[in-house]
Amino acid sequence: MKLSHFSAALSLLASTALAIDINVDDPASIKNAAGIAAKKLRALYPTDEPWFIPGEFGLIQTEDGKNNKGYYWWEAGAAMGGWIDYWAYTGDDTYNDRVMEAMLFQVGEKQDYQPRNQSLALGNDDQGFWGIAAITAAERGFPDPPEDKPQWLALGQAVFNRQAGRWDAAACNGGLRWQVFQSNKGYDYKNTISNGLFFNMGARLGRYTDNATYIEWAEKTWKWSREMNLVDKDYAIYDGSHIPECTVSSSIRWSYNAGVYLAGAAAVYDYYKAQKNEAKMAEWEEHTMGLLKATDTIFFNQNSEYPANVMQESACENPPNNQEPTCNTDQRSFKAYLSRFMGQTYQLCDFTRDFIMERLKTSAEWAAKSCNGPPDGNTCGLRWGFGKYDGSPYGIAKGGVGEHMAAMEVFHNLLAPGAKAPLTDKTGGTSKGDAAAGSGGGLSEEDLRQTDPSSGGDRAGAGILTTLTLGGLLGLTFWLIKE
Ligand SMILES: *[C@@H]1O[C@H](CO)[C@@H](O)[C@H](O)[C@H]1NC(C)=O
Ligand SMILES: *[C@@H]1O[C@H](CO)[C@@H](O)[C@H](O)[C@H]1NC(C)=O
């Protein structure tokens with residue numbers, strides 16, 4: 001072989017070996033692709049760093065080192081939920097011990113995913129992402145924690161009960177506020193993701209336990225979300241409403257909101273299906289299909305510059321003219337949740353299957369094409385419609401958690417057809433529950449006083465710390481204390 005041929009063959013070999021190769025109709029190939037993305041995500045989980053805390057991805061440095069930001073605490077909860085599904089769909093238990101460690105480390109002093117360290121910036125949505133991870137663990141039959149530790153179902157119930165206790169009828173006629181504590185910026189915002197997660201948890205706990213109280217809460221939250229127009233008559237979902245106006249004040253549409261309501265509706269449908277309640281089944285089939293179809297233009301087929309059926313975070317990816325995307329660290333992970341919730345919906349609602357699989361397959365093919373970035377040729381980009389790596393930041397101090405979680409989840413959710421549907425306690429779920437978990441006293445002033453300000457997260461915490469003295473902080477009334 002001539003040298004030039006040899007090197008051409010070598011580089012061909014290199015390029016095929018490096019990008020993620022996926023055949024979306026072959027489970028082994030799908031597992032392989034999901035495995036590569038899962039490993040890339042794991043490489044960003046800083047277990048080898050001296051500052052490692054289980055359940056925290058840690059710092060992202062800026063170029064000048066002056067405006068370093070962390071991943072928010074919730075995103076690790078989201079990743080744990082992603083790895084639980086990864087294990088359930090692929091059978092690869094490589095990450096299970098790390099998931100167990102983080103999920104138990106972060107339960108908080110009251111075993112409700114409200115750890116003291118997060119109290120300066122704790123949103124219902126942050127807590128909710130850990131809550132849905134715990135519920136996923138119960139539904140997927142993830143290994144139970146040791147007996148002397150809190151159990152998955154009980155943890156999900158604890159989060160749900162805390163949030164039910166914060167249902168706020170005094171403003172906007174109901175719903176949850178974004179922030180848990182009055183002193184945090186965002187306490188005057190009723191954001192959709194907080195309410196969507198609460199809806200999703202209620203629906204799934206109701207389905208899992210067959211306890212109608214959870215479904216009543218889910219239906220009440222749904223009704224409120226519609227009345228508030230956070231979910232509009234055409235099932236478009238907006239970001240949130242400020243108090244006291246209570247009209248949609250941010251109409252941005254994010255894919256995670258679409259996903260969280262979709263899978264919640266699917267779970268309510270399945271709950272009524274188990275009861276053979278045909279009127280309710282028809283009602284929730286309509287909602288589920290309405291929510292699903294409303295994802296199409298905005299998250300799959302809006303930009304003719306993108307190939308058809310490729311998932312996109314259209315509020316920030318900016319595909320049309322190749323401008324830099326404006327997605328922040330959080331938003332880079334949102335496609336993971338739309339993928340995840342489409343997979344769950346696929347499992348629960350047979351009438352959604354063609355629509356979902358057509359989009360997940362094409363999205364996964366294009367996500368795989370985005371995974372040919374340096375340094376190892378397997379780094380995944382943000383914008384799948386690009387057809388190649390788009391230069392997204394990657395590295396332990398640079399970013400990439402969202403991109404790799406999203407790639408992993410769009411891959412492994414292709415395995416939904418061959419996987420067991422989420423369990424309930426009638427279909428093999430064994431996790432121990434505690435209907436009263438999280439209904440006692442929550443964080444107190446005393447807890448807050450002991451909070452290390454530097455560990456409170458920067459979203460709201462940094463803002464209030466610069467404007468309030470610690471004494472001022474302690475003088476404020478906290479919602480939870482009223483419990
Ligand atoms: C809380 O923050 C402290 C200080 O950073 C850290 O040592 C501890 O491990 C954290 N605990 C949790 C549960 O995150
Ligand atoms: C059903 O859930 C509600 C709300 O958490 C709880 O108060 C009640 O005890 C539960 N019922 C049963 C039978 O577990």
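As the structure lists them, so they are numbered: ligands from 1, and atoms in each ligand from 1. When a residue number appears, it is its place in the shown sequence, counting from 1. Any value given below was found using the heavy atoms of this structure, including those in side chains, with hydrogens, waters and symmetry copies removed.
Put simply, no part of Phe160 is less than 4.0 Å from ligand 2, judged by heavy atoms.
Of the protein's non-hydrogen atoms, the one nearest atom 9 (O) of ligand 2 is Ala435 CB, 3.9 Å.
Of all the heavy atoms of Gln106, the ones lying under 4.0 Å from any atom of ligand 1 belong exclusively to the side chain. When heavy-atom distances to ligand 2 are checked against a 4.0 Å cut-off, Asn161 comes that close only through its side chain, counted from C-beta outward.
Comparing Asp434, Thr213, Ile215, Asn211 by heavy-atom distance to atom 8 (C) of ligand 2, the nearest is Asn211.
The residues Lys223 and Glu219 are annotated as not salt-bridged, no charged nitrogen and carboxylate oxygen being separated by less than 4.0 angstrom. A salt bridge links Arg332 with Glu403: the closest approach of a Lys/Arg side-chain nitrogen to an acidic carboxylate oxygen falls below 4.0 angstrom.
Set against the non-hydrogen atoms of Asn117, the atoms of ligand 1 under 4.0 Å away are 1 (C), 2 (O), 3 (C), 8 (C), 10 (C), 11 (N), 12 (C), 14 (O). Remark: ligand 1 atoms within the under-4.0 Å shell around heavy atoms of Phe105 are 9 (O), 11 (N), 12 (C), 13 (C), 14 (O).
There is a protein heavy atom closer than 4.0 angstrom to atom 5 (O) of ligand 2.
Here the side chains of Tyr394 and Lys40 are in contact, with some heavy-atom distance below 4.5 Å.
Put simply, the residue from Asp92, Thr90, Asn96 that forms a side chain to side chain donor-acceptor pair (under 3.5 Å) with Thr94 is Asp92.
A donor atom on one side chain and an acceptor atom on the other are not found under 3.5 Å apart for Asp239 and Asn191.
Annotation: Tyr45 is in aromatic contact with Phe57 [ring centroid separation under 6.0 Å].
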